[in-house]
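The block underneath contains the structure these notes are about, expressed in structure tokens.
Numbers here simply count residues along the sequence, with the first being 1. What you see is a predicted model, and the numbers here were worked out from it, not measured in a lab.
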Amino acid sequence: MKAKVREITRRNKGWSNDYRRQKLAEYVRGWINYYKLADMKGLMAETDEWLRRRIRAIYWKQWKKVKTRYRNLRALKLEEWQVHQIANSRKGYWRAAQILRVALTNKIIARLGYISMLDYYLKVS
């Protein structure tokens, strides 16, 4: 399952965010519906955290320039010192995604249309 999610959320795919969101939702729903009888609440919680970090890394890579990062972080209503600190970070995408958790919260990711594996599992089972 993780390998397929990795393939869908690769940062070097030329997919739009809408298409990626749709493919990910289809796969997650299908996988959870197939395994809904299993007791996997803990697995879904861990995988959900990992998936959200991958989504943040995708957005960080899309915001290539510091100027774009400034604009998008300001739009997320962070304080100016946080915007400056995060936008000028020279960390890699995976590390920066962890830092970006302050700006792209779980609620924002859900509002963007990405489905939470744990929430969907709890709804189905």
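In terms of heavy-atom proximity, R20 sits nearest to K13 at NH2-O, 3.7 Å. When all heavy atoms of L118 and K41 are compared, the closest pair comes out as CD1-O, 3.7 Å. Of all heavy-atom pairs spanning R53 and A97, the tightest one is O-CB, 3.4 Å. Of all non-hydrogen atoms in K61 and R11, the two that sit nearest each other are CD-CB, 3.7 Å. In this structure, R56 and L104 approach most closely via the heavy-atom pair NE-O, 2.8 Å. Across K36 and S125, no two heavy atoms sit closer than the pair O-CB, 3.7 Å.
Separating the CD1 atom in I86 from the NZ atom in K91 is a distance of 13.5 Å, to the nearest 0.5 Å. Taken to the nearest 0.5 Å, the CG atom of N17 stands 9.5 Å off from the CD1 atom of I55. Residue R111 holds its CZ atom at 7.0 Å from OG1 of T105, rounded to the nearest 0.5 Å. The distance from the OH atom of Y34 to the CE atom of M1 is 14.5 Å, given to the nearest 0.5 Å.
Ring orientation note: the planes of H84 and Y70 are tilted relative to one another, at an angle of 30° to 60°. Using cut-offs of 30° and 60° for the angle between ring planes, the Y19 and W15 rings count as perpendicular.
Judged purely by atom type and a 3.5 angstrom limit, D48 uses its side chain to pair as donor or acceptor with the backbone of M117. Under the 3.5 Å distance criterion, the side-chain polar atoms of R21 are matched with a main-chain donor or acceptor of L112. The backbone N or O of I32 lies less than 3.5 Å from no partner atom in the side chain of Y120, so there is not a single donor-acceptor pair.
No more than 12 heavy atoms of other residues, nucleotides or ligands sit less than 6.0 Å from atom CZ of R10. The 12-atom threshold is not exceeded at CG of D39, counting heavy atoms of other residues, nucleotides or ligands nearer than 6.0 Å.
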Starting from the C-alpha separation in whole Å, work towards a yes-or-no answer on side-chain contact (heavy atoms from CB on, under 4.5 Å) for W60 and R95.
-> CA-CA 10 Å; W60 191 249; R95 177 76 171 113; over 6 Å; no
Might you work through the side-chain contact (heavy atoms from CB on, under 4.5 Å) test for W63 and L73, ending with a clear yes or no?
-> CA-CA 10 Å; W63 304 344; L73 289 170; 4.2 Å; yes
Test side-chain contact (heavy atoms from CB on, under 4.5 Å) on W50 and V5 and set out the steps.
-> CA-CA 10 Å; W50 172 78; V5 171; 3.6 Å; yes
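Counted by atom type alone, Q62 and N72 present zero donor-acceptor pairs between their side chains at under 3.5 Å.
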